[in-house]
**Q** 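I'd like to ask some things about the structure below.
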Amino acid sequence: MNSLVKSIIVLGGVSLQSVNAFTSISRSNVADISTTSLNVYGTPRKVQIIPSVLPADFGKLGADCKRLEEAGCDRVQFDVMDGNFVPNVTFGPETIRWCRKYTNMPFETQLMVSEKCTDAMLEEFVEVSKGPNGEPGVVIVHVEACTHLHRALGRIRAAGGSPSVALNPHTPAEMIENVLDLVDHVLVMTVNPGFGGQAYIPTMTEKIKKIRKWIVDRDLDVDIEVDGGIKATQETIGECAAAGANCFIAGSGLFAYDDLSEGVKELTDMALEAQGVAVGAK
Ligand code: DX5
């Protein structure tokens, strides 16, 4: 982003920190790699650590979002569950709207809800996921909950959001092959959705590799997110990063740290190492 734009934005009272955070949603997330011995197929993409709010204190969710921002997280994921698509219930758009008052961090909303809820409320979720200045927020719909997935992704983009599609562990990658050109992110669930603290499913690694190959071979600017059981270990974040994922959702794996910024650093370093990118070159 050229200096003129930055100075205009700074004059407009937006901190550079939030500018950088939102540009990470723009369509050039290739890592600034200095010295590398690349493990990943294609050029590694920018490592992003994205906490899930599921383990947070729902009584002070806004304050916990602020803590995550101060710990250096790239954005925060709101797990919307309706007790229908998944056997658990969390919150709706109003809770996300309130959290915006506490932080400038980019938001990501994962809609683990029935088709009826998606159809009725999609634009509202796009709206509350936006940044403090209307920047696009990431909105994730599940392929298993959308008969008209192509249309739903188009609605997110048209409403000013950043579209993303999620796949449950049993769902083959081929289910999203024909909408890869519509999304900025693909979310590969590495646990069955509905709860935090579950074990990572290692058979998801091949699915990540397959989607990564499609993205690189078709020269698409798409991030791969993984969610579920992600910890600062070779077997989880390491495996996913080497397979081509670059956005890492962490719930219990991050909230286990007393010092959240230490957790963000350990997760980031492990992912960079697995990508073969020099640690610190985030
Ligand atoms: C589960 C959610 C995940 C979950 C991750 O349905 O989508 O985001 O909170 O939690 P951990 O990292 O503890 O598996």
Side-chain angles (χ1 to χ4, degrees), residues 47-58 61 64-65 67-68 71 73-93 95-96 99 105-114 117-118 125 129 137-146 164-171 185-205 207-208 223-241 245-258 260 262-268 270-271:
V47 166
Q48 298 176 52
I49 304 301
I50 306 161
S52 149
V53 296
L54 218 51
D57 178 342
F58 279 23
L61 200 49
D64 269 6
C65 286
R67 279 179 59 217
L68 293 166
C73 298
D74 292 281
R75 64 178 177 266
V76 60
Q77 184 191 76
F78 292 94
D79 304 274
V80 178
M81 302 180 183
D82 66 350
N84 213 327
F85 180 73
V86 288
N88 198 356
V89 175
T90 53
F91 42 73
T95 301
I96 303 171
C99 288
M105 196 166 37
F107 284 179
E108 163 172 309
T109 300
Q110 182 185 359
L111 297 177
M112 290 168 271
V113 301
S114 67
C117 177
T118 305
F125 280 113
S129 304
V138 178
V139 176
I140 308 169
V141 290
H142 270 261
V143 60
E144 303 86 3
C146 286
S164 176
V165 60
L167 305 102
N168 283 345
H170 74 282
T171 304
H185 316 259
V186 173
L187 173 60
V188 176
M189 289 302 301
T190 46
V191 296
N192 287 294
F195 305 96
Q198 300 179 83
Y200 170 78
I201 303 174
T203 49
M204 293 304 107
T205 308
K207 192 193 293 188
I208 298 166
D223 287 324
I224 298 179
E225 300 190 69
V226 289
D227 183 3
I230 300 297
K231 311 226 179 310
T233 63
Q234 179 46 42
E235 295 72 27
T236 59
I237 200 167
E239 188 92 355
C240 293
N246 67 299
C247 295
F248 305 95
I249 314 297
S252 54
L254 179 59
F255 280 87
Y257 290 82
D258 295 334
L260 292 174
E262 193 194 326
V264 173
K265 182 165 181 350
E266 289 197 6
L267 287 159
T268 305
M270 179 66 72

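We count ligands from 1, going down the list as the structure has it; atoms in each ligand are counted the same way. Fair warning: this is a prediction, and the values are worked out from it, not measured in the lab.
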**Q** I'd like to check V226 versus M204 (side-chain heavy atoms, cut-off strictly below 4.5 Å). Are they in contact?
**A**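 Contact flag for V226/M204 side chains = no.
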**Q** Taking only heavy atoms of the protein into account, state which residues are under 4.0 angstrom from an atom of ligand 1, in chain and number order.
**A**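 If the criterion is a heavy atom under 4.0 Å, then ligand 1 touches S52, L54, Q77, D79, M81, Q110, M112, M189, P193, G194, F195, G196, G197, D227, G228, G229, I249, A250, G251, S252.
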**Q** Between E239 and Y200, do the side chains contain an N or O donor and an N or O acceptor separated by less than 3.5 Å?
**A**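 The answer is no; no qualifying pair exists.
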**Q** Would you say that more than 12 heavy atoms from the other residues, nucleotides or ligands in this model lie under 6.0 Å from the NZ of K231, or not?
**A**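 Yes, NZ of K231 has more than 12 neighbouring heavy atoms, counting only those of other groups under 6.0 Å.
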**Q** For S164 and H185, indicate whether the former's side chain and the latter's backbone hold a donor-acceptor pair under 3.5 Å.
**A**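 At least one qualifying donor-acceptor pair exists.
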**Q** Going by atom types alone, do T90 and D79 pair a side-chain donor with an acceptor below 3.5 Å?
**A**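 Absent: no donor and acceptor within the cut-off.
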**Q** Applying the side chain to side chain contact (heavy atoms under 4.5 Å, CB included) test to I230, which of T190, L254, V191, I249 qualifies?
**A**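 Going through T190, L254, V191, I249 one by one, the side chain to side chain contact (heavy atoms under 4.5 Å, CB included) with I230 is satisfied by T190 alone.
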